[in-house]
Trainee: 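Okay, here's the structure, questions in a sec.
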Amino acid sequence: MISSDYITKLLHKASVAPISLEEEGHLGLVLRIEVDDLLATFKALRSSFEQLIDLLGADLLERDNSIEITYRLRSLGENDDLVIKVKLAPGATLPSVTDSYLSALLPEREACEMFGLKLSGHPNPKYLLLSEGIPPMLLKSVPIRSHEEAQAAELPSDDLSLQMLNDLNERGIEPPEDPDDPLQNYLFAGWLSPEPPEGPLVPRNIRRVSDNPEALATDHYLLQMGPQHPSTHGVLNVACEMDGETIISSEVHVGNLHRGIEKLAENRRYNQLATLVDRGDYVGGCNTELAVALSVEQLAGIEVPERASWIRVMMAEINRLASHYIWFGPSGLDSGAMGIFLFCLYDRELWLDVLEEITGQRMMFNYVRPGGVVADITPRSIAMIEDILKIADSRLDEHYEALMASEIYQQRACGVGVVSKEDALSLGATGFVARASGVDWDLRRDRPYAAYDKMDFDVMVADTGDIWARMVCRLDEMRQSLRIIRQCLDGMPKGDFTAKLPRVLRVPEGECYVPVESTRGEMGVHIYSDGTDKPYRMRYRPPTLYSLMTADLTLPGLFLADAIVTLGSFDFCFGEIDR
Amino acid sequence: MALDSVVGENSIVFLKSEQFFDWARGRSLWYMAFGIACCSLEGLIAAAGPRFDFDRHGIFYRGVPRHSDVMIVAGTVNRKMAVIVKRLYEMMPEPRYVISMGACANAGGPFREYPNVVTGVDKIIPVDIYIPGCPPRPESVQYGFLQLRKKINDEAKARLDK
Amino acid sequence: MNPWLVALLRALLILLVMLLNGAMAIYMLRKVLGHAHLRLGPTELGPAGLAQLLADIVKLLVKEDRHPNRSDRWLYIIAPFIVFVPSFMTFAFIPFSNKLVAANPDLSLLMMLAFMSIPPLGIFAAGWASRSKFATIGAVRAVGGMITYEIPLLLSALPPVMLAGSMNLQAIVVSQSTSIWYVLPCLPSFIMFLICAQMETSQTPFDMTEADQELVAGFATEYSAMRFGFMYLAEFAENFVMAALAVTLFLGGWTLPGISAAALGPFAVLVFVAKCYILIFLFMMIRGTYSRYRVDHYMEVGWKRLLPISVVWIMVFAAALRVIAMLKGGA
C-alpha cells in the first residue's frame with residue numbers, strides 16, 4: 001500500500017499544494033489538485049507509479065460548473081492505485097501529461113473532444129473519434145436522438161466528403177487517388193490544440209526511424225492501410241510513411257466504428273448496460289459483462305451467491321478461449337498460413353456451442369448481469385464441456401505444431417515487433433501485451449474478483465516482448481483457461497445462480513472503478529452514479545486502445561509484412577477501441 | 001430490324017444468354033472481406049470457416065472490392081465510415097450487390113440514437129438483401145445469400161416471361 | 001496438309017489444354033484446400049461441384065471491366081496478356097507423350113525457361129500500370145523475385161541435361177526411359193527445382209507478389225473481371241508448366257519404368273498428367289499449410305542458400321560425371 005504521507009512528501013518536494021488527499025468511498029485514495037499543478041504532480045509521481053491506467057472526463061457542469069478529468073495511476077510493485085482528479089472550466093485547456101506517461105496519447109485526445117476542451121503540449125492534437133460537425137458528445141447538454149428522430153434522420157447535407165463523392169459519381173468519375181485529395185484525409189476533423197502545430201498532416205508519430213544514409217536514397221510515400229484491408233482486423237486505418245518496404249513512421253487512425261457506447265450507457269438502466277458493452281468487446285463479451293456487473297454490485301452493495309461467482313468464472317474462461325481462438329488463427333493467417341486459421345475456427349465453434357447452450361447466443365450473450373447470471377448451467381452443457389476438455393489440450397499442441405513449430409513462422413515472429421518493458425509500462429499496456437514484455441501482472445491473480453481467488457492457475461510471463469512471446473503467453477493462457485474450467489466443473493458449489501434484486505435497480509450515489517482481466521487486458525468500468533436507475537457517466541476502459549498505441553509506436557522500422565503480423569499479434573477489437 | 005429481333009435487347013437470344021449469365025452470377029458470389037463490427041465474425045469469418053463453409057455454394061471471400069460481387073455491410077456504419085462504404089461500393093465492378101447484415105446496418109440498431117451513427121446503410125448505397133438479427137447467425141447469412149441468388153435469377157426470368 | 005492449318009490447330013489444342021488445365025487446377029485448389037482445412041470446397045453445382053468453375057468463369061467474363069482513373073491505360077490493358085501469352089506458349093514444348101508435343105525444337109528446355117521468365121515482366125507492368133501503391137509494391141517484388149530464382153532454377157535444371165546430353169525435353173525423357181529416372185542421381189537438384197518452382201509460380205510460402213494479407217491482392221489489386229481472370233488462369237498454367245517440367249526432367253516424363261513406349265500407347269498422356277497433378281497436389285498442400293517468407297528472407301533463400309548450393313552441386317556433379325566417364329573409359 002502507498003500511504004498518503006508518502007504522496008504528500010513527494011508533492012511537497014515538487015512544491016505542489018494539493019486541494020485534498022483522502023480516501024473517497026470505493027475509489028480509494030484520491031488526490032485533488034489544481035490544473036496548474038498537473039504537470040508538476042505527474043513529474044513528481046512518475047517514479048513511484050509505473051502506469052497511467054486510465055484517463056476519463058466527466059461532465060459535472062450542473063453540480064459545480066466544471067469538467068472533471070480523472071487519472072488513475074498504478075504502482076505494480078505496491079499493487080495500489082492512486083486517483084488524481086482535476087477540475088476544469090468548460091472549454092478550458094488541458095495540459096498534456098504525455099511527457100510523463102505516453103499512455104495519455106490517445107485518451108487525452110478523446111477526453112478533450114468529448115467534453116469540448118482544448119489540449120496543449122500534445123504531439124498530435126487531432127480529433128480522435130468524432131467526425132466534423134459533431135458536437136462534444138459526452139456533455140450532458142448534447143442530447144441523443146429520440147427513436148423518431150433517428151428514423152427520420154438523413155445524412156447531414158453538409159457532409160463534405162460524402163457530397164463530393166456523390167458529385168463525382170454523378171459525373172461518372174471515380175474519386176481521384178491523390179495524396180492532396182481531401183478524401184485522403186477524411187479522418188481529419190480538426191485540431192484540439194489552441195493553435196495547429198506545424199509540419200505535415202500525416203503521419204505524425206512521435207517515434208520515427210531516421211533515414212538510413214547508407215541505403216539508396218528513395219522518395220518516401222504515404223501508404224494508407226485500411227479501413228478495408230484483409231489484415232487490419234477491423235476498421236483500423238494506419239497511415240504509414242514508407243521507404244520502399246520499410247515503415248519510417250506511422251499513425252493509427254481510429255473512430256471508424258465510434259457509436260457512442262459511453263453516451264448511450266447514460267440512457268440505459270443498470271441491468272441494460274450488458275447489452276451495450278457486449279457490442280463493445282464483441283469477441284469476449286462475458287468478461288466485459290462481468291466488469292459492469294461487478295461495478296454495479298460494488299456500488300449497490302449486492303451480495304452475489306457463491307454459485308453465480310463460479311459460473312461467472314467458468315463462462316469468462318470459456319469466452320476467453322473462444323476469443324483467443326479467433327486471435328490465434330488469424331494471427332497465423334497474417335503470416336500467410338491458411339490452415340491454422342480454419343483449424344482454430346473449428347475449435348472455436350465447439351466452444352461457441354457450449355456458450356450457446358448456456359446463454360442462448362453465439363455472441364452478445366447478455367448473460368452476466370448485476371446480481372448473478374441469467375440462467376443456470378445445464379447438465380447437457382456440462383457434458384459438452386467434458387467432451388471438449390478431453391481433446392482440447394492435445395488440439396492446442398496440434399495448433400502449436402501447425403503454426404509455431406514451422407521455421408518460417410519462427411523467422412517471422414522471433415525478434416519482430418518488440419515492445420520493451422519500459423514501453424509496455426509507459427504506454428499502459430496490460431494483459432498479455434504487458435506479460436509478454438516481462439510485466440508480471442494479472443488481475444485475476446493480483447486482485448482476484450468473482451471466484452478467481454479459489455482457482456489454481458499460473459501466469460506466464462515472457463521477457464522478450466516480441467510476437468513470439470505474445471503468442472507463447474497467450475497459448476499458455478489458453479491452457480490455464482482449460483485448467484480453470486476443469487476446476488470450475490469439479491468444484492462448482494450448489495445454490496442460487498442469481499441474487500434477488502428489484503426489477504428497477506437503483507444505485508446509491510457514488511463512484512467506483514472495477515477492472516477485470518478481459519481477454520485482451522485490463523478492462524475496467526468506471527461508473528458515476530447519481531442515485532437514479534441510470535448511470536450518470538460510464539467509462540469503459542478499453543485495453544486494446546492502449547495496446548493500439550503500443551503497436552503504433554512499434555511499427556516504425558518494420559517491414560510492411562512484419563507490420564501486418566505485429567498488428568495482428570496485439571489482437572485489436574474495434575468495437576472496444578472506438579466504442 | 002430482323003437482326004434486332006434475333007440479337008436485340010428483347011430478343012430471345014439476348015434474354016436466354018442473359019439468363020445464363022444470371023445463373024452464373026447467382027452461383028459465384030464472391031464477397032468482399034470487409035467487416036466493420038461484430039457481425040463480421042458471424043457473416044464473414046464463421047461463414048468461411050469449417051462449419052458453415054459457404055464455399056460449398058460458390059460463395060467465397062476476396063480481399064479486394066475490384067474482385068468481388070457482393071458487399072456484406074456487417075456492422076454499424078457511422079459518418080466516418082459512410083464515406084468509405086460508399087467509396088468501396090463505387091469501386092466494385094457491375095453487377096454488384098449489397099447485403100445489409102444485422103440491425104445496425106439495417107436501421108442503426110441499438111446505436112441509432114447516437115447522432116454519429118447512420119441509421120441504415122441504405123441511406124448511402126442501394127441494398128439488395130436485409131438480414132435481421134443482432135448479430136444474425138451464419139445460417140441467416142446463408143439464407144440471405146440464397147435469397148440474393150433467387151433475386152438475381154428472377155430478374156432475367158421476369159423479362160423472359162414478359 | 002497446309003502447314004499453317006496444322007500450326008493453327010496445334011495452337012488451338014494447346015489453348016484448350018491450358019484452359020482445361022486452369023479450370024481443373026482451380027477446382028482442385030478449392031477442393032484440396034477445402035479438405036485440408038476441414039471444409040468441403042464447392043459441392044453444390046454439378047457432380048462434386050465441378051460446374052462451379054463454369055459459373056465463376058462466366059461470371060468473370062460478363063463482369064464490368066474497370067480501369068482506374070489514373071492508370072496507364074495501354075499498359076494496363078496489355079499487361080494481363082503479357083502474363084498470359086508466354087505461359088500459354090510454354091505449353092507448346094511439353095512432351096505429353098512420345099508423339100504428342102506441339103513444338104519440338106532442339107533447345108526446347110531453354111526455350112521453355114526463356115518463355116517462363118516473361119510473365120514476371122507482365123506482372124510488373126500490371127502492378128505499375130495500376131497506379132496503386134499495393135500493386136506497385138507487388139510489382140517491384142515480382143521483379144526482385146525473378147532475378148532471385150531464375151539462376152538457381154536454370155542451374156538445377158542442368159544435371160538432367162548433362163546426363164541426357166541434350167537440351168531437348170523429348171530426348172531427356174527418352175534417355176530416362178532407357179536408364180533410370182534422374183530424380184535418383186540428381187536428388188538435390190530435384191529438391192531445389194521444386195523450391196524454385198514454388199518461387200516461380202509465386203505460391204505460399206513464396207507468394208511475394210500477391211501476398212493477400214499484406215498487399216491485399218498485390219499486382220492484381222486494381223484488376224477486375226476477366227483481366228483478373230486471365231492473370232489468375234496464367235498462375236495456374238505456370239503451376240502446371242513447372243510441374244510438367246519437373247516431371248519431364250526428373251520423373252521420367254510420360255514413361256513408366258519397365259514399360260515400353262509402345263506398350264503404354266495412348267495412356268502415356270494419362271501417366272504424364274497424373275504425375276504432374278501429384279506434384280501440383282504437393283504444391284497445394286504446401287500452399288495451404290505454411291507461413292509466408294518475408295521479402296528479405298525470400299531474397300536470402302534465393303541468393304544465400306539456393307545459388308551457392310546449386311553452383312557447388314553443379315561442379316560436384318560435373319566432376320563426378322567426368323570421373324565416372326574416365327573410369328569407364330579406363331576400364
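It should be emphasised that the depicted structure is a prediction, and the values quoted were computed from it without experimental measurement. Residue numbers begin at 1 in each chain, while the letters A, B, ... track the order of the sequences.
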Trainee: In sequence, state the C-alpha distance, the side-chain angles, and the governing distance for A:Met114 and A:Leu139, and then conclude on side chain to side chain contact (heavy atoms under 4.5 Å, CB included).
Mentor: CA-CA 7 Å; A:Met114 286 297 180; A:Leu139 287 179; over 6 Å; no

Trainee: Heavy-atom pairs under 4.5 Å with chain A are the metric here; pick the option from B:Pro115, B:Gly35, B:Ala33, B:Gly49 that has the most.
Mentor: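 Most heavy-atom pairs within the cutoff with chain A belong to B:Pro115.
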
Trainee: So which part of B:Ile36 gets closer than 4.5 Å to some heavy atom of chain A, the side chain, the backbone, both or neither?
Mentor: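 Both backbone and side chain of B:Ile36 come within 4.5 Å of chain A.
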
Trainee: Looking at B:Val85, B:Leu41, B:Ile45, which has the largest count of heavy-atom pairs under 4.5 Å with chain A?
Mentor: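 Most pairs with chain A among the choices: B:Leu41.
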
Trainee: Applying a heavy-atom distance below 4.5 Å, give me the residues of residues 68-76 of chain B that approach chain A, sorted by number.
Mentor: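 Only B:Thr76 of residues 68-76 of chain B have a heavy atom under 4.5 Å from chain A.
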
Trainee: Is any side-chain heavy atom of B:His67 less than 4.5 Å from a side-chain heavy atom of B:Met32?
Mentor: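 Contact flag for B:His67/B:Met32 side chains = no.
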
Trainee: Answer yes or no: is there an ion pair linking A:Glu266 with A:Lys534, defined by an N-O contact shorter than 4.0 Å?
Mentor: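 Between A:Lys534 and A:Glu266 there is no salt bridge, as every charged N stays at least 4.0 Å from the carboxylate O atoms.
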
Trainee: Given that the side chain runs from C-beta out, which part of B:Arg62 has a heavy atom under 4.5 Å from chain A: side chain, backbone, both or neither?
Mentor: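 Interface part for B:Arg62: neither.
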
Trainee: Report the option among A:Lys263, A:His258, A:Met364 that has the most heavy-atom pairs separated by less than 4.5 Å from atoms of chain B.
Mentor: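 That would be A:His258.
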
Trainee: So B:Glu42 and A:Arg362, salt bridge (charged side-chain N to carboxylate O under 4.0 Å, His left out) or not? Walk me through it.
Mentor: CA-CA 9 Å; B:Glu42 297 283 78; A:Arg362 286 161 55 87; 2.8 Å; yes

Trainee: Is it the case that A:Arg109 places NZ or CZ above or below the six-membered ring of A:Tyr127, under 6.0 angstrom from the centre and within 45 degrees of the axis?
Mentor: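 Geometry flag: not set, cation outside 6.0 Å or 45°.
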
Trainee: Mind ranking A:Arg348, A:Arg268, A:His229 by heavy-atom pairs under 4.5 Å with chain B and telling me who comes out on top?
Mentor: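 Max contact count across the listed options: A:Arg268.
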
Trainee: Salt-bridge test for B:Arg51 and A:Asp353: reply yes if a basic N is under 4.0 Å from a carboxylate O, no otherwise.
Mentor: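 A salt bridge links B:Arg51 with A:Asp353.
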
Trainee: If you apply the rule side-chain hydrogen bond (donor to acceptor under 3.5 Å, both in side chains), what do you find for A:Asp278 with A:Tyr367, and how did you get there?
Mentor: CA-CA 10 Å; A:Asp278 259 348; A:Tyr367 178 71; over 6 Å; no

Trainee: If you measure from the Lys or Arg side-chain nitrogens to the Asp or Glu carboxylate oxygens, is any gap between B:Lys151 and B:Asp128 under 4.0 Å?
Mentor: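 Salt bridge: yes.
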
Trainee: Tell me, side chain or backbone of A:Glu576 under 4.5 Å from chain B's heavy atoms, or both, or neither?
Mentor: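 No part of A:Glu576 comes within 4.5 Å of chain B.
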
Trainee: Between A:Asn267, A:Val142, A:Leu276, A:Leu264, which has the largest tally of heavy atom pairs under 4.5 Å with chain B?
Mentor: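 Heavy-atom pairs under 4.5 Å are most numerous for A:Leu264.
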
Trainee: Is it true that A:Arg395 and A:Glu398 make a salt bridge, defined as a side-chain N closer than 4.0 Å to a carboxylate O?
Mentor: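 Here A:Arg395 pairs with A:Glu398 in a salt bridge, since their nearest N and O are under 4.0 Å apart.
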
Trainee: Sort out for me which of B:Gly108, B:Gly109, B:Gly63 touches chain A most, counting heavy-atom pairs under 4.5 Å.
Mentor: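 Winner by heavy-atom pair count: B:Gly63.
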
Trainee: Could you check whether the rings of A:Phe574 and A:Phe572 sit parallel, tilted or perpendicular, using 30° and 60° as the cut-offs?
Mentor: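 Answer is perpendicular, since the angle exceeds 60°.
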
Trainee: Just so I understand: if I count every heavy-atom pair under 4.5 Å between each of B:Val77, B:Thr119, B:Val64 and chain A, which residue has the most?
Mentor: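 Of the options given, most contacts go to B:Thr119.
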
Trainee: Does the pair B:Tyr143 and B:Glu139 meet the rule for a side-chain hydrogen bond (donor to acceptor under 3.5 Å, both in side chains), with working shown?
Mentor: CA-CA 6 Å; B:Tyr143 183 69; B:Glu139 290 95 327; over 6 Å; no

Trainee: Which residues in residues 322-340 of chain A have any heavy atom lying under 4.5 Å from a heavy atom of chain B?
Mentor: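 Within residues 322-340 of chain A, near chain B: A:Ile326, A:Met338.
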
Trainee: Look at the rings of B:Tyr31 and B:Phe145 and say which category their plane angle falls in: under 30° parallel, 30 to 60° tilted, over 60° perpendicular.
Mentor: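 Aromatic pair B:Tyr31/B:Phe145 classed tilted.
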
Trainee: Go through it in stages, so that I can follow the logic: the residues are B:Ser100 and B:Asn106, the test is side-chain hydrogen bond (donor to acceptor under 3.5 Å, both in side chains), and I'd like the CA-CA distance, side-chain angles, deciding distance and then a yes or no.
Mentor: CA-CA 6 Å; B:Ser100 156; B:Asn106 290 346; 2.4 Å; yes

Trainee: So does A:Arg579 pair up with A:Glu262, basic N to acidic O under 4.0 Å?
Mentor: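 A:Glu262 and A:Arg579: salt-bridged.
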
